[in-house]
> 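Below: one structure in structure tokens.
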Amino acid sequence: MDAIAKPQGCTNFRLRRLTRMVSRHYDAHVAAAGLKTTQYSLLSHVLSLGPLRPVDLAKAMNVEASTLTRNLKPMVAAGWLTQSEGPDARSRLIAITDEGRVKRAEAQRLWRSAQTELNTMLGVERVLALHQLIDDSIALLQRAGLKDEESNDE
């Protein structure tokens with residue numbers, strides 16, 4: 001008799017379902033600041049790393065350059081980020097504005113609320129265990145040769 005339990009169903013489907021649910025939860029909170037979670041992440045990265053070149057920002061955020069360009073446009077238009085000349089004629093620098101800092105702080109309060117609510121819904125112990133399982137799984141997949149690169153259109 002085979003006593004070892006085997007996973008049933010598709011791991012990818014289950015993970016995507018979970019991430020979509022969690023993303024919708026965070027998006028619903030951050031939307032009160034007029035942002036998407038991807039925009040909050042963009043403001044946070046530029047705040048902590050900027051001013052920096054778009055290529056460096058894309059690498060830090062693990063997104064394609066075209067995705068970053070598409071996501072930057074409304075942020076620059078809103079006055080939350082600036083794109084200026086870099087050290088040479090061919091380079092640009094992305095920086096956060098004072099308005100962007102205010103917007104990011106507003107969204108950060110909402111993001112924290114989303115995290116606290118998720119901790120309550122799932123239980124802190126489960127969230128800690130989930131984080132550990134995710135981190136361990138990423139490390140195992142990297143050791144197996146899979147790259148930690150996303151090509152998403154967020």
> Look up atom NE2 in H29 and atom CG in L118, then write down how far apart they are to the nearest 0.5 Å.
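H29 NE2 to L118 CG: 9.0 Å, rounded to 0.5 Å.
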> With a 4.5 Å limit on heavy-atom distance, are the side chains of L43 and L47 in contact?
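The answer is no; the side chains never approach within 4.5 Å.
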> Kindly indicate whether the side chain of Y40, heavy atoms from C-beta on, has any atom under 4.5 Å from the side chain of L110.
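No, too far: nothing below the 4.5 Å cut-off.
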> Can S66 and E64 be counted as having a side-chain donor-acceptor contact under 3.5 angstrom?
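No - no donor-acceptor pair under 3.5 Å links their side chains.
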> Once you round to the nearest 0.5 Å, how far does CG of L35 lie from CD of E106?
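Separation between the atoms: 7.5 Å.
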> Minimum heavy-atom separation for Q39 and P74, please, with both atom names.
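Closest approach of Q39 to P74: NE2-CG, 4.3 Å.
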> What I'd like to find out is whether the side chain of N119 reaches to under 4.5 Å of the side chain of Q115, using heavy atoms alone.
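Yes, their side chains come closer than 4.5 Å.
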> S113 side chain to R109 main-chain N or O, any donor-acceptor pair under 3.5 Å?
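The answer is no, because no donor-acceptor pair under 3.5 Å joins these two groups.
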> Are V127 and L15 in one and the same hydrophobic cluster, where Ile, Leu, Val, Met, Phe, Trp and Tyr link if side-chain heavy atoms are under 4.5 Å apart?
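Not linked; separate clusters.
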> Give me the atom names and distance for the closest heavy-atom approach of R92 to E85.
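Result for this residue pair: NH1-CG, 3.5 Å.
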> Could you check if a side-chain atom of L42 sits within less than 4.5 angstrom of a side-chain atom of L57, using non-hydrogen atoms only?
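Heavy-atom side-chain distance check passes, below 4.5 Å.
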> So how far is it from H131 NE2 to I134 CD1, rounded to the nearest 0.5 Å?
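Answer for the NE2-CD1 pair, H131 versus I134, is 6.0 Å.
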> Do V76 and L49 sit in the same hydrophobic cluster, where Ile, Leu, Val, Met, Phe, Trp and Tyr count as joined when their side-chain heavy atoms come under 4.5 Å apart?
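Same hydrophobic cluster.
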> Taking all non-hydrogen atoms of both residues, which atom of A60 and which atom of H45 are closest, and how far apart?
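Scanning both residues, the minimum pair turns out to be O-NE2, 3.8 Å.
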> Got a sec: does the CE of M121 have more than 12 other heavy atoms crowding it under 6.0 Å?
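More than 12 heavy atoms, drawn from other residues, nucleotides or ligands, come within 6.0 Å of this atom.
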> Would you compute the distance between atom OG1 of T19 and atom CZ of R24 and round it to the nearest 0.5 angstrom?
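It is 9.0 Å, given to the nearest 0.5 Å.
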> To the nearest 0.5 angstrom, please state how far the CG atom of L133 sits from the CD1 atom of I138.
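The CG atom of L133 sits 10.0 Å away from the CD1 atom of I138.
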> For residues V30 and A107, report the shortest heavy-atom separation together with the two atoms involved.
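In this case the closest contact between V30 and A107 is CG1-CB, 4.1 Å.
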> If every non-hydrogen atom of S41 is compared with every non-hydrogen atom of M61, which pair is closest and at what distance?
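S41 and M61 have their closest heavy atoms at OG-CE, 3.7 Å.
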> In Å, rounded to the nearest 0.5 Å, how long is the span from CZ of R104 to CG of L81?
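Those atoms lie 12.0 Å apart.
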> Hey, does the side chain of D27 reach the backbone of K36 with a donor-acceptor pair shorter than 3.5 angstrom?
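No, the answer is negative, given that no donor and acceptor are paired below the 3.5 Å cut-off.
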> Where is the tightest heavy-atom contact between K103 and W80, given as atom of each residue plus distance?
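Looks like CE-CZ2, 3.5 Å.
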> Side chain to side chain contact (heavy atoms under 4.5 Å, CB included) for R53 and L93? Distances and angles first, verdict last.
CA-CA 5 Å; R53 299 178 312 155; L93 288 178; 4.0 Å; yes
> Do Q108 and S44 make a side-chain contact, defined as non-hydrogen atoms from C-beta onward lying under 4.5 Å apart?
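Not touching, per the 4.5 Å side-chain cut-off.
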> Within the structure provided, determine whether D56 and K59 are in side-chain contact (heavy-atom separation under 4.5 Å).
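Side-chain contact under 4.5 Å: no.
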> Among V46, I94, T67, whose side chain to side chain contact (heavy atoms under 4.5 Å, CB included) with L72 holds?
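That would be I94.
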